[in-house]
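Accompanying notes for the structure given below.
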Amino acid sequence: GENVEQHPSTLSVQEGDSAVIKCTYSDSASNYFPWYKQELGKRPQLIIDIRSNVGEKKDQRIAVTLNKTAKHFSLHITETQPEDSAVYFCAASKLRTDKLIFGTGTRLQVFP
Amino acid sequence: NAGVTQTPKFRILKIGQSMTLQCTQDMNHNYMYWYRQDPGMGLKLIYYSVGAGITDKGEVPNGYNVSRSTTEDFPLRLELAAPSQTSVYFCASSPGGTGELFFGEGSRLTVL
């Protein structure tokens, strides 16, 4: 089955710097790659997603890139702010099964 | 809309006891999921369902059972609780076709 690896497990940045989180997946048939943000004690919430027919997607300070050949995708956060501090999860699934498999998460800390 | 509602929010079980975590959604979503999140860890898929009467195993199904008799409800049954099942359990729903997952608030279960 699908396996999703995520790095790094923790990431500390200064406010205003950029943060990059990387994920790799094992199943070449996967074609949907969302990113979820989970604040402390809260439920995960979708922040951005990308499908396999595009290589990059941006939404204000957040962008996701996908390299299907290498089977990896990344989350980029620019101009980080303290409220970006949270755990971020990548995930992958295939169209037919819709079984979403998550990575192990990255704890991002943004220091003022 | 209430979204995805889970009950109970907190529960302490003794080893060997059984219980059911309830999950209901009012968004008419076909797809529903149960994940568990161990402290400081990622989300592991336990079971999922693509519609009423259809369920399938995820990554960590052992020790759990599910049923899906209606579109709205997707209860998770724990039989013979073990300390290894101490975790936060999240129910989620999705309209399907690799769309956004909407999570409940979570149920924190401790097995002593």
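Below, read A as the first sequence line, B as the second, and so on, with proteins coming before strands; counting in each chain starts at 1.
Hydrophobic clustering (ILVMFWY, side-chain heavy atoms < 4.5 Å, transitive): B/M32 and B/F102 are in distinct clusters. Criterion: ILVMFWY side-chain heavy atoms under 4.5 Å apart, direct or through other members. Under it, A/I21 and A/I50 are part of a common hydrophobic cluster. Side-chain heavy atoms closer than 4.5 Å link hydrophobic residues (I, L, V, M, F, W, Y) into clusters, and following such links, even through other members, never connects B/F74 to B/L45. The hydrophobic cluster containing A/L46 also contains A/V4, counting ILVMFWY residues as joined when their side-chain heavy atoms lie under 4.5 angstrom apart, directly or transitively. By the criterion of side-chain heavy atoms lying less than 4.5 angstrom apart, applied directly or through intervening Ile, Leu, Val, Met, Phe, Trp or Tyr residues, A/W35 is grouped together with A/L108 in one hydrophobic cluster.
Here B/G104 is the residue among B/G104, B/G106, B/G58 with the most heavy-atom pairs under 4.5 Å with chain A. Ranking B/M41, B/R108, B/E105 against chain A, the residue ahead of the rest is B/E105, based on heavy-atom pairs under 4.5 Å.
The distance from atom CD1 of A/I101 to atom OH of B/Y35, rounded to the nearest 0.5 Å, is 6.0 Å. If you take CZ on A/R43 and CD on B/Q37, they are separated by 13.5 Å, rounding to the nearest 0.5 Å. To the nearest 0.5 angstrom, B/Y33 atom OH is 11.0 Å from A/K99 atom NZ. Of the inter-residue distances, the one linking A/I47 atom CD1 with B/E100 atom CD reads 11.5 Å to the nearest 0.5 angstrom.
No part of A/P34 comes within reach of chain B, as not one of its non-hydrogen atoms sits under 4.5 angstrom from that chain. B/E59 touches chain A through its side chain: at least one heavy atom from C-beta onward sits under 4.5 Å away, while N, CA, C and O do not. For A/Q38, the part lying near chain B is the side chain, with the backbone staying farther off; criterion is any non-hydrogen pair under 4.5 Å.
Side-chain contact between A/Q45 and B/F103: absent, with no pair of heavy atoms (C-beta onward) separated by less than 4.5 Å.
No more than 12 heavy-atom neighbours from other residues, nucleotides or ligands sit within 6.0 angstrom of CD on A/Q60. Enclosure of atom NZ in A/K68 by more than 12 non-hydrogen atoms of other residues, nucleotides or ligands within 6.0 angstrom is indicated. Atom CD of A/E79 has 12 or fewer neighbouring heavy atoms from other residues, nucleotides or ligands inside a 6.0 Å radius.
In this structure, A/Y36 contributes its side chain and B/L101 its backbone to a donor-acceptor pair below 3.5 Å.
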